[in-house]
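Okay, structure first, notes after.
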Amino acid sequence: MVSGRFIVLAALVAAAGATIAAAAQAQGKSPQKKISPEAFQAQMKAKQEACKGDQKCLMPVAMDASKMMQNVDMSGGRPAAASRTWAPTSTTATVPTGSTGS
């Protein structure tokens, strides 16, 4: 089951990926091929299993995952919207209590 936070994060990453793709295209670079979320999960699971819990092995896998997230097609095959806007749901900052700061 996919959590709501993952969906929000995936949407933000997809929007950032669209911006990166537009910049790459403006520079004359070919766009990266999009992969489905299922294919992404299968690739990451295979890499994690190959590491067998070794933290030194898993760190590069995490870095690869963050790079690959830009190429995950979160639209389900539908064409992307022309532009998307995002605004935070809250503008209040959380301040730790009990700290004097000195």
Side-chain angles (χ1 to χ4, degrees):
M1 178 177 221
V2 179
S3 72
R5 287 185 180 179
F6 177 78
I7 293 170
V8 171
L9 177 61
L12 292 174
V13 170
T19 303
I20 292 168
Q25 186 177 14
Q27 295 172 0
K29 299 177 183 176
S30 61
Q32 295 286 328
K33 181 182 175 194
K34 294 288 185 182
I35 61 173
S36 70
E38 294 80 15
F40 172 76
Q41 286 181 333
Q43 288 180 12
M44 289 298 103
K45 185 175 181 178
K47 288 181 179 186
Q48 289 172 352
E49 288 173 354
C51 287
K52 298 180 182 173
D54 179 19
Q55 293 298 316
K56 289 182 182 179
C57 178
L58 288 169
M59 288 304 291
V61 170
M63 295 301 291
D64 287 346
S66 67
K67 291 176 186 175
M68 286 178 64
M69 277 298 292
Q70 297 173 2
N71 299 323
V72 175
D73 182 11
M74 297 306 291
S75 67
R78 297 181 309 270
S83 69
R84 295 182 183 186
T85 58
W86 177 81
T89 57
S90 173
T91 57
T92 59
T94 304
V95 179
T97 58
S99 175
T100 60
S102 49

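All values derive from a computational prediction rather than experimental measurement.
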With sequence neighbours left out, the residues meeting side-chain hydrogen bond (donor to acceptor under 3.5 Å, both in side chains) with Glu49 are none

Heavy-atom nearest pair, Ser36 first then Val72, reads C-CG1, 4.3 Å

Between the CD1 atom in Ile35 and the CE atom in Met69, the distance rounded to the nearest 0.5 Å is 9.0 Å

All heavy atoms of Cys51 vs all of Val61, minimum pair found to be SG-CG2, 3.8 Å

